[in-house]
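For reference, the structure discussed in these notes is given below.
Quick note: numbers below take in every heavy atom, side chains included, and nothing from hydrogens, waters or symmetry partners. By convention here, the first residue in the shown sequence is residue 1. Note that ligands are numbered from 1 as they come in the structure, with each ligand's atoms numbered from 1 the same way.
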Amino acid sequence: MQELIKEIGQLKKERQAIVLAHNYEPPEIQEIADITGDSLGLSVDAARLDHPVIVFCGVRFMAESAAILAPDKKVILPRLECGCGLADMAKAADLRKMRRERPAAVVVTYVNSSAEVKAESDICCTSGNAVNVVKSIPAGQEIIFVPDRNLGAYVQEKTGREMILWDGACPIHDAIRAADIIKAKDAHPKALLMVHPECRPEVIKLADGVCSTGGMTDFVKQSTAKEFLVATEEGMLYPLRKAHPDRIFHPVAKDAPNAMICPDMKMISLADIHSSLEKMEPIITVNPEIADRARLALERMLAVPRN
Ligand code: 13P
């Protein structure tokens with residue numbers, strides 16, 4: 001493994017490449033990454049970095065957003081099959097149909113969506129800025145929120161804005177129930193509960209903090225608590241434990257083994273990164289006409305500050 005890591009380092013230099021990794025990626029991928037973070041942080045970085053080559057370790061919609069925001073760069077996704085069950089729940093044709101039925105509505109689209117769906121949208125958001133994105137829309141304006149109904153419900157509650165919610169959800173977060181939380185709280189009564197806003201309203205109601213993955217690290221930094229329950233994909237435990245070795249983190253586990261693991265986030269291996277840097281493939285391409293429209297929605301999102 002050490003030899004592979006050394007060679008990746010050399011290839012990165014030769015190709016003038018930078019490696020970005022999402023917080024859910026396996027530890028060895030996060031360790032070799034130049035930057036790790038949440039969806040919002042990684043989008044901001046993709047847009048601002050000077051490197052001509054970005055190796056994106058995450059899932060397809062994230063690499064697509066990077067390619068759209070940095071059209072002059074080569075964005076490599078080491079495994080093209082890394083998808084997102086939530087993103088697959090919204091199709092561009094269905095959103096076009098909904099827009100035709102409600103021509104006055106503003107469409108706010110969560111970045112966990114395809115480039116085609118973003119192209120049909122007015123503004124994007126991540127879990128890190130969704131509340132502020134919706135607050136930025138003039139009062140009284142009808143809003144369609146796509147595709148995560150749980151994040152949409154949370155934003156409705158925080159902003160007091162009624163929205164038309166698309167009927168989608170992340171299969172991992174949506175599987176957590178209030179009963180799982182109560183069990184975890186009983187086992188660790190002193191722990192504070194951090195919940196990702198893709199969780200169900202019944203779970204969010206029990207939270208001490210509702211945060212994007214990046215927001216969880218900040219929540220811990222600002223807290224004096226020693227113990228935390230973490231209601232999100234289990235990969236997040238690694239950066240939390242690394243950033244805060246003096247604290248204790250417990251996953252909110254489902255009884256089924258691996259229930260809190262997103263298989264798409266675990267596909268990329270060090271060997272894949274090595275091979276993609278060597279061959280300079282697979283490169284993410286987005287139809288330029290779709291990319292131009294999706295870029296508008298993404299750039300509007302980047303102009304809005306974090307929640
Ligand atoms: P974050 O934006 O919080 O990193 O979340 C990404 C994601 O896909 C959650 O399932």
Exercise for review: Specify the protein heavy atom at minimum distance from atom 9 (C) of ligand 1: its residue, its atom name, and the distance to 0.1 Å.
Suggested key: E198 OE2, 3.0 Å

Point to revise | Protein heavy-atom partner closest to atom 5 (O) of ligand 1 - residue, atom, separation in Å | key: H196 NE2, 3.3 Å

Review point. Are L165 and Q156 close enough that some pair of their side-chain heavy atoms sits under 4.5 Å apart?
Key: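 Of all side-chain heavy-atom pairs linking Q156 with L165, at least one is under 4.5 Å.
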
Review point. Heavy atoms, side chains only, cut-off 4.5 Å: are M194 and V210 in contact?
Key: no

Consider every N or O of [X] and every N or O of ligand 1, then say whether any pair is closer than 3.5 Å.
| X | value |
| --- | --- |
| S127 | yes |
| T126 | no |
| S39 | yes |

Revision key, fill the gap. Quick look: E233 vs ligand 1, heavy-atom contacts under 4.0 Å, and the answer is neither

Point to revise | Under-4.0 Å heavy-atom contact with ligand 1, by part of I172 that carries it | key: neither

Review point. Which class fits the ring pair F249 and F228: parallel under 30°, tilted 30 to 60°, perpendicular over 60°?
Key: parallel

Check your understanding: Going by an N to O cut-off under 4.0 Å, is there a salt bridge joining R149 and D174?
Key -> yes

Review point. Any salt bridge between R102 and E142, counting N to O under 4.0 Å?
Key: yes

Exercise for review: Going by the side-chain hydrogen bond (donor to acceptor under 3.5 Å, both in side chains) test, name the single residue among E31, E28, Q30, E25 that passes it with Y238.
Suggested key: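 Output: one option passes, namely E31.
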
Check your understanding: Does N112 reach ligand 1, in the sense of a heavy atom lying below 4.0 Å from it?
Key ->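 Under 4.0 Å: yes for N112.
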
